[in-house]
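Okay, so here's the structure we're looking at.
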Amino acid sequence: MIALRAAAFALPVLLVTSQPAVAGQQKTSCEPRNLAALASWSGVWIAADKETGIDGRSDTNWDLAGLSAPWNDDGWARMRTMMRLSTNPRFKQEGWGFPMMMNSYAEFSFVISPGETAIISQYRDIRHVYTDGRKHMEEDDRWPTNWGDSVGCWKGDTLTVDTVSVKFDPSYNPLAPPLSEDAHFVEHLRLVSPDRIEGDITIVDPAYLTGPWTLPLAYKRAGKLDRLIHDTFENDRTVAEGDTLTIAAPHDEAFQPTPPPPEVKLSTAELDRLTGTYAFDGAPLKLIVQRREGRLYFEVPPALTSFLPMYAQTPESFIAIDGAKVRFTVDGGGNVTGFDGSGPDGTPMKGKRVATTAQR
Amino acid sequence: MIRKIGFAAALAVVSAGAQAHHSGAMFDSTQTVTLAGTVREFQFTNPHCYIQLVVKNAQGQDEEWSLEMAAPMHLLRLGWHKSSLKPGERINVKIHPLRDGSKGGQVEQASTADGKPIGSPA
């Protein structure tokens, strides 16, 4: 037990001292010395043993989810919850987050620039690894996120990434190691051949691990894919039914055009008598009405400075494209003096005509 | 047209999470059903692609199956494209069926009517 504790203490020290880009060495150059030499990192990569078949399944051991971690009793208690959540028949996942995005079946790319290496996953997970020598955000000012705060350092063809403030967020992805928000991650990645990157990740989390947890990482080129295409939920037909999920029937395109309301045809003279500038009662807004061809258009500066169509219902009543209803008011002499009606959300509105021309 | 093959599957801990986006428990991975039918639509969409396959049942009536596949990115890696299947095309598929008995499943293999595999690694 004593030896184990000693080892657990020694390794975090080793991790910290082996991170050239980490706190305390601000602006030490961690940028790639020869960016062109890293060109082979471009392209699309995938974890070497995690790729799916056409079914979308990957029958692999999800070791980075925590199966091989040296949990303490509290950690195992969190694993019990994680396992319950991730084996729930109604489990759904919004992304992978870190660290799982580095060990999933989601294809990803490295985008290397002098001051930053971005790691971008098919699942829209993005890690910004700053290599310009900056420190982590100050501890008092940072907060845990699904991807953490990463700084990195290039040494030759090896990228070392130091990550803190990672959030275990089962609402985003329950299939992840339930570490504390104080966990500290260090990755080493190296291009070992044109089509393979290897390295390791070491995680230190005194709250839930009995010692450092190190796993190998390996990536291979994702076939001959020449681009990354991100996932969305545009056609998510996986729906809950009872205590499980099923496939919903195919549905028509959800977005459908809304035809304009029927409108009455007004003469040019009938439309022109309504054009001009109106001042809203109780609001610093103007309603400016113009005629274009055979229809009125309106804008409401400064809130709305684009002219939108209004559809005539009577010689004085109109429905705007956004659903607002406008009725122009006329005095006993037949002069148009103002308007009343309701906005798109039904809020009553009213105003007085202040000019027969557009006055912004 | 519909043939069931049962097989034993070893279920690892958290294997249900190995299915993209959602639990794989909705599919019965101990059963494989072979379908021969006509493609009505190939939805090359996220988060999953789907084959809408019209299959004749034992009574000779047409039934439409909704067959889930991986996301487009994964299918592209495996040599599938948006144009890999066209409406009216006859294909054979092996699927893990939905547990709830609905006409649907998860595509494990797909081939043309004359038995050629569809897709080839990119």
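For clarity, every value in this text was computed on a predicted model and none was experimentally measured. The analysis underlying the following values was restricted to heavy atoms, covering all of them including side chains, and did not include hydrogens, waters or symmetry mates. We name chains A, B, ... by the order of the sequence lines, and we start the count at 1 in each one.
Residue R80(A) qualifies as open at atom CZ: its count of foreign heavy atoms under 6.0 Å is 12 or below.
Of the residues considered (K50(A), E107(A), R237(A)), R237(A) shows the highest number of contacts with chain B, using heavy-atom pairs under 4.5 Å. Per-residue heavy-atom pair counts under 4.5 Å with chain B were compared for V44(A), D236(A), D226(A), and the maximum is reached by D236(A). In terms of heavy-atom pairs under 4.5 angstrom with chain B, the leader among L85(A), I54(A), T232(A) is I54(A).
Using modelled atom types, one finds a donor on one side chain and an acceptor on the other under 3.5 Å when comparing S102(B) with D100(B).
Proximity of Y208(A) to F168(A): side-chain heavy atoms (C-beta onward) are nowhere separated by under 4.5 Å.
The part of R227(A) that comes within reach of chain B is its backbone (N, CA, C, O), which places non-hydrogen atoms under 4.5 angstrom from that chain. For a residue to count as touching a neighbouring chain, one of its non-hydrogen atoms must lie under 4.5 Å from one of that chain's; by this rule E108(B) touches chain A with backbone and side chain alike. In this structure, chain B has heavy atoms under 4.5 Å from both the backbone and the side chain of E51(A). E234(A) touches chain B through backbone and side chain together, each having a heavy atom under 4.5 Å away. Interface residue T244(A): only side-chain heavy atoms are found under 4.5 Å from chain B. In this structure, the portion of I46(A) lying under 4.5 Å from any heavy atom of chain B is its side chain and not its backbone. Looking at T45(B), the atoms closer than 4.5 Å to chain A (heavy atoms on both sides) sit in the backbone and in the side chain alike.
Partner of I126(A) under the side chain to side chain contact (heavy atoms under 4.5 Å, CB included) criterion, out of V111(A), I119(A), I120(A): I120(A) alone.
Between F98(A) and V166(A), the shortest heavy-atom contact is O-CG1, 3.2 Å.
Judged by the 6.0 Å distance and 45° axis criteria, R196(A) is not positioned over the aromatic ring of Y219(A).
Electrostatic pairing of E64(B) and K103(B) does not count as a salt bridge here, judged by no charged N lying under 4.0 Å from a carboxylate O.
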